[in-house]
K.L.:
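One structure follows; several queries about it will come next.
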Amino acid sequence: MEIRHFLNQYAGTHPDFKAALKEHFIPGPQEKCCSGEAIRDCFVIPAFRRNYEPALDWHEVEMQLVGWFKKASFYITQGAFRAAANIALRIMKEVGRNYEEPEYNRESIAEYICERAAGMLLDIAGNPEAEGGLKTEMIGRLQKITSCSTFKEFDVYNLETFILKLRLLTENDPVALDLLDEWIKDHPDNWQLDGFVIARVEILLRLGRIEEAEEFVRKYVHLPEVMAWEVECLSQAGYPEQALDVLDDAPQYARTRSQCDVQRYLEKKIEIYEQTERIPELIAVAKKLFLSERGEMAYYRKLKQYVPAGEWKATLDELLCKLKSTRWFPAEPIAAIYLAEEDYE
C-alpha cells in the first residue's frame, strides 16, 4: 500500500514517469496481454489436495479470478479493449473446460463467473470506441466456446442467448430485427423474453414503424417488464390515464399475479396519482399496500403525508386493527409505527 501511494504521488507530479508507467502496464489497442496459462492455473486443483479432495473448489476459483476481473475492468477504462476481451473470453473458456457435474454451489458460482465475464464483453461491444473487428472476433470466439459440452449439457450459462445480445449491439437495425424475430419465435416461454420484446419494439420505433410497434406491445403487454416499459413510456409522454388503464389490466395476466408484481404495479399507480394530484385514489392504493405488505413503513409515511390530519388517527387505528387481526401478527412494524407516532400507551 505504501509503495502504491508513493507511485501515485510521484506519477502525479512527474508526467514522464506517469507516461512510462502507462506504457509498461497498459496494453495497446491490439495487444491481448493475457497469458491463457495464468488464467487456466486458477482452475487447477492444488497438488496437496488432489488425493483427498479431487473436485475443483469453485469458491477458491472465484477468489483467484478477482484480480483478473479487476484487471479487465481497468483495461476497459483505459481503452485496452482487446486485452480486456481476451481475459473475459479465456475465463469463459476455462469454465467450460473445468465444469463437471451439476451441484448447486458449483453451478451458481460458475454461472456468476460467466455473468461477470459476459458483462465485460457487453461493455466492450457497447463502447463506440471499441473497433468493429474486435466485436466480430469476440462473437466468433464465443461461438467456438458454445461447442463445449458443458454449455450444452448443463444449465451453467446460456451462451447462445448471450451471443444474440452481443450481435444486437453490433448489427444494423434491420438485421437485428430479423435476429429478434427468429429468437422470439423459437423461445416463447423463455424468462428473458421480456427484454428481447422491448428491444424489438425500440428498433421498430427507430425505424419509424410506429403502428407495428404498438401492435407488438399489445401482443406482449402481459409480460411484466413489457408492461412496466409501456407504463413508463406513457407516463413520460404525458398520458397518465392511458398508463393507469394498462395498470388496471395488470391483475388479469397470469404472469403478473405474484405478490411482487402486484406490489410493483400498485406502487407505480401511487406515483402517477401523486403526479396528477389524485389524492383519494392514492390513499386507497397506499392502504392496500400497507396491509398487504404487513405495515411497511414506507406506506405508513405515504399515508401520513396525504391523509387529512383530522382523519389520521381514525385511519391509522383502523389499519392497525386489521393488521393485528391477521394470523401472523407483524409485531415489529406495529411497534415502529407506535414509536413514530409517539404513542407509548
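Computed from a predicted structure; not experimentally measured.
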K.L.:
Check A286 against K302 and note the closest heavy-atom contact, atom names and distance.
P.N.:
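Shortest heavy-atom separation between A286 and K302 comes out as CB-CG, 4.5 Å.
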K.L.:
Measure the spacing between CG of L319 and CG of L303 and express it to the nearest 0.5 Å.
P.N.:
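Going from CG on L319 over to CG on L303, the span is 6.5 Å.
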K.L.:
So, taking the atom named CG in L247 and the one named CG in L234, what distance separates them when rounded to the nearest 0.5 Å?
P.N.:
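Those atoms lie 9.0 Å apart.
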K.L.:
Does the side chain of I139 reach to within under 4.5 Å of the side chain of Q143, using non-hydrogen atoms?
P.N.:
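Result yes, sub-4.5 Å side-chain heavy-atom pair found.
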K.L.:
Look up atom SG in C148 and atom CG in L159, then write down how far apart they are to the nearest 0.5 Å.
P.N.:
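Answer rounded to 0.5 Å: 9.0 Å.
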K.L.:
CZ of R116 to CD of E62: how many Å apart, nearest 0.5 Å?
P.N.:
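Spacing of CZ (R116) from CD (E62) equals 8.0 Å.
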K.L.:
Does this structure show an ion pair linking E225 with R264, if we count only N-O contacts that are shorter than 4.0 Å?
P.N.:
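Yes, E225 and R264 are salt-bridged.
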K.L.:
Is the shortest heavy-atom distance from the side chain of L316 to the side chain of E341 under 4.5 Å?
P.N.:
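Yes; the side chains approach each other to less than 4.5 Å.
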K.L.:
Any ion pair linking R200 and E212 (charged N to carboxylate O, less than 4.0 Å)?
P.N.:
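Result for this pair is yes, salt bridge flagged.
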K.L.:
Got a donor-acceptor contact below 3.5 angstrom from the T136 side chain to the G132 backbone?
P.N.:
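Side chain of T136 to backbone of G132, a donor-acceptor pair under 3.5 Å: yes, one is there.
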K.L.:
Indicate yes or no: does R218 engage E230 in a salt bridge with an N to O separation below 4.0 Å.
P.N.:
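Salt bridge: no.
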K.L.:
Of all the heavy-atom pairs spanning V175 and N172, show the shortest one and how long it is.
P.N.:
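For V175 and N172, the tightest heavy-atom pair comes out as N-OD1, 3.0 Å.
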K.L.:
Run the salt bridge (charged side-chain N to carboxylate O under 4.0 Å, His left out) check on K269 and E281 step by step: do they pass?
P.N.:
CA-CA 9 Å; K269 274 191 169 186; E281 292 95 330; over 6 Å; no
K.L.:
Rounded to the nearest 0.5 Å, how far does NZ of K287 lie from NZ of K322?
P.N.:
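Rounded to the nearest 0.5 Å, the NZ-NZ separation comes to 7.5 Å.
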K.L.:
With heavy-atom distances below 4.5 Å as the criterion, would you say the side chains of N190 and I184 are in contact?
P.N.:
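No, too far: nothing below the 4.5 Å cut-off.
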K.L.:
Is NZ or CZ of R278 both nearer than 6.0 Å to the six-membered ring centre of Y273 and within 45° of the ring axis?
P.N.:
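Because its charged atom misses either the 6.0 Å distance or the 45° angle limit, R278 does not stack over Y273.
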K.L.:
Any chance you could measure I203, atom CD1, to L177, atom CG, to the nearest 0.5 Å?
P.N.:
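These two atoms lie 5.5 Å from each other.
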K.L.:
Nearest heavy-atom pair of A243 and S235: which atoms, and what distance?
P.N.:
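Where A243 meets S235 most closely, the heavy atoms are CB-OG, 3.8 Å.
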K.L.:
Please test Q192 against K165 for side chain to side chain contact (heavy atoms under 4.5 Å, CB included), starting from the C-alpha separation and ending with a verdict.
P.N.:
CA-CA 11 Å; Q192 298 185 73; K165 291 179 181 179; 2.8 Å; yes
K.L.:
Could you tell me whether E115 atom CD has more than 12 heavy atoms of other residues or ligands within 6.0 Å of it?
P.N.:
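Yes, enclosed.
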K.L.:
Taking NZ in K304 as the centre, count heavy atoms belonging to other residues, nucleotides or ligands within less than 6.0 Å. Is the count above 12?
P.N.:
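Count over threshold, so yes.
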K.L.:
Run L142 and L121 through side chain to side chain contact (heavy atoms under 4.5 Å, CB included) and show every step you take.
P.N.:
CA-CA 10 Å; L142 280 168; L121 294 174; 4.1 Å; yes
K.L.:
Looking only at non-hydrogen atoms, find the nearest pair between M92 and C114 and report the distance.
P.N.:
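That closest heavy-atom pairing would be CE-O, 3.3 Å.
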K.L.:
Under a 4.0 Å N-O cut-off, is there an ion pair linking D181 with K185?
P.N.:
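No, no charged N to carboxylate O under 4.0 Å.
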K.L.:
With the side chain counted from C-beta on, respond yes when L193 and D189 share a heavy-atom pair under 4.5 Å apart, and no when they do not.
P.N.:
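They are not in contact (no side-chain heavy atoms under 4.5 Å apart), so the answer is no.
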K.L.:
Checking M63 now: which residues fulfil side chain to side chain contact (heavy atoms under 4.5 Å, CB included) with it, not counting sequence neighbours?
P.N.:
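In terms of side chain to side chain contact (heavy atoms under 4.5 Å, CB included), with neighbours along the sequence ignored, M63 is linked to no residue.
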K.L.:
Does a side-chain heavy-atom distance below 4.5 Å link L323 with I334?
P.N.:
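Yes - at least one pair of side-chain heavy atoms lies under 4.5 Å apart.
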K.L.:
For the residue pair Q64 and H59, establish whether any side-chain heavy-atom pair is separated by less than 4.5 Å.
P.N.:
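A side-chain contact under 4.5 Å is absent here.
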K.L.:
What heavy-atom pair brings W68 and A38 nearest, and what distance separates the two atoms?
P.N.:
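Smallest interatomic distance, heavy atoms only, reads CZ2-CB, 3.5 Å.
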K.L.:
Does any N or O in the side chain of K135 come within less than 3.5 Å of the main-chain N or O of A125, such that one atom is a donor and the other an acceptor?
P.N.:
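Yes.
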K.L.:
For E129, give me all partners under side chain to side chain contact (heavy atoms under 4.5 Å, CB included), at least two apart in sequence or on another chain.
P.N.:
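So E129 forms a side chain to side chain contact (heavy atoms under 4.5 Å, CB included) with F81, N127.
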K.L.:
With a 4.5 Å heavy-atom cut-off, do E271 and Q275 have their side chains touching?
P.N.:
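They are in side-chain contact.
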K.L.:
Got a donor-acceptor contact below 3.5 angstrom from the T77 side chain to the F74 backbone?
P.N.:
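Pair found, side chain donor or acceptor close to backbone of F74.
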K.L.:
Test side chain to side chain contact (heavy atoms under 4.5 Å, CB included) on W229 and E202 and set out the steps.
P.N.:
CA-CA 11 Å; W229 180 88; E202 289 175 340; 3.5 Å; yes
K.L.:
How far apart are the closest heavy atoms of T150 and G96, and which atoms are they?
P.N.:
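Heavy atoms of T150 and G96 come nearest at OG1-O, 2.5 Å.
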K.L.:
With a 4.5 Å cut-off on side-chain heavy atoms, are M227 and H222 touching?
P.N.:
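When only atoms from C-beta onward are counted, M227 and H222 do not touch, as no gap falls below 4.5 Å.
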K.L.:
How far apart are the C-alpha atoms of K268 and E232, what are their side-chain angles, what is the distance that settles it, and do they pass the salt bridge (charged side-chain N to carboxylate O under 4.0 Å, His left out) test?
P.N.:
CA-CA 9 Å; K268 188 62 184 179; E232 189 62 30; 2.6 Å; yes
K.L.:
Which label fits W58 and F43: parallel for a plane angle under 30°, tilted from 30 to 60°, or perpendicular past 60°?
P.N.:
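Perpendicular, since the angle between the ring planes exceeds 60°.
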K.L.:
With sequence neighbours left out, which residue pairs that include part of residues 287-307 fulfil the ring-ring contact (aromatic ring centres under 6.0 Å, His included) condition?
P.N.:
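Of all non-adjacent pairs touching residues 287-307, those that pass ring-ring contact (aromatic ring centres under 6.0 Å, His included) are Y300-W312.
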K.L.:
Output, in order, the C-alpha distance, side-chain angles, deciding distance and verdict of side chain to side chain contact (heavy atoms under 4.5 Å, CB included) for K93 and R40.
P.N.:
CA-CA 9 Å; K93 183 177 181 179; R40 185 185 62 194; over 6 Å; no
K.L.:
Step by step, work out the salt bridge (charged side-chain N to carboxylate O under 4.0 Å, His left out) result for E137 and R82.
P.N.:
CA-CA 10 Å; E137 181 184 327; R82 185 171 294 278; 2.6 Å; yes
K.L.:
Are V66 and I39 connected in a single hydrophobic cluster, I mean Ile/Leu/Val/Met/Phe/Trp/Tyr linked by side-chain heavy atoms less than 4.5 Å apart?
P.N.:
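Per the 4.5 Å side-chain linkage, I39 and V66 are not co-clustered.
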K.L.:
Under 4.5 Å between side-chain heavy atoms, hopping through other hydrophobics if needed: is there a path connecting L291 to Y338?
P.N.:
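Linked within one cluster.
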K.L.:
Between H187 and W183, how do the two ring planes meet: parallel, tilted or perpendicular, split at 30° and 60°?
P.N.:
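Correct class here is parallel.
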K.L.:
E94 vs R97, test: salt bridge (charged side-chain N to carboxylate O under 4.0 Å, His left out). Steps then yes/no.
P.N.:
CA-CA 5 Å; E94 291 301 330; R97 280 181 170 178; 3.2 Å; yes
K.L.:
Short question: side chain of Y75, backbone of A85 - any donor-acceptor pair under 3.5 Å?
P.N.:
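No; zero donor-acceptor contacts below 3.5 Å.
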